Amino acid sequence: QAYRGLGDRQGAITVVDQAIQKLADKEKLYKLRAGLYLEDKQPEEAVSLLEKISDDPEAFLLLNDIKSRKNPEEALKAIQSLDSSSLDLH
């Protein structure tokens with residue numbers, strides 16, 4: 001976050017990519033990297049990372065927001081098929 005705050009997106013990308021390679025708990029890093037991809041106008045890369053995250057409401061909503069820009073019907077079907085018990089909403 002410090003790199004992003006300083007406007008050094010490439011520095012942030014480098015640090016996040018290194019952390020993804022080294023750390024076991026990747027979900028937060030995937031969301032952070034997906035955000036960086038979106039800032040760089042690379043939604044396909046963001047989608048591929050977000051699809052790796054399960055049981056995360058924030059990632060699910062972000063993923064469907066991205067998909068809705070390209071294919072609103074697909075995003076709507078995903079939301080309608082959502083089983084609320086499958087996500088930890090707390």
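Treat the numbers as computed from the prediction; the structure is a model and nothing was measured.
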A.B. asks: Can you tell me if Lys26 has over 12 outside heavy atoms packed within less than 6.0 Å of its NZ?
C.D. replies: yes

A.B. asks: If the condition is side-chain hydrogen bond (donor to acceptor under 3.5 Å, both in side chains), which residues does Glu58 pass it with, not counting sequence neighbours?
C.D. replies: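 Glu58 satisfies side-chain hydrogen bond (donor to acceptor under 3.5 Å, both in side chains) with Lys31 once adjacent residues are dropped.
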
A.B. asks: I'd like to check the side chain to side chain contact (heavy atoms under 4.5 Å, CB included) partners of Leu63; sequence neighbours left out, ordered by chain and number.
C.D. replies: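 With neighbours one apart ignored, the set is Val47, Leu50, Glu51, Lys67.
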
A.B. asks: Pairs under 3.5 angstrom only: tabulate donor-acceptor contacts from the side chains of residues 11-25 to other protein residues two or more places apart or in another chain.
C.D. replies:
residue	atom	partner	partner atom	Å
Thr14	OG1	Gln10	O	3.0
Asp17	OD1	Arg33	NE	2.8

A.B. asks: If you compare all heavy atoms of Ala46 against all heavy atoms of Ala34, which two are closest, and at what distance to 0.1 Å?
C.D. replies: CB-O, 3.6 Å

A.B. asks: Lys52: which residues meet the side chain to side chain contact (heavy atoms under 4.5 Å, CB included) condition with it, sequence neighbours left out?
C.D. replies: Tyr30, Leu49

A.B. asks: Any idea which heavy atoms bring Ser68 and Asp65 closest together, and the distance?
C.D. replies: OG-O, 2.8 Å

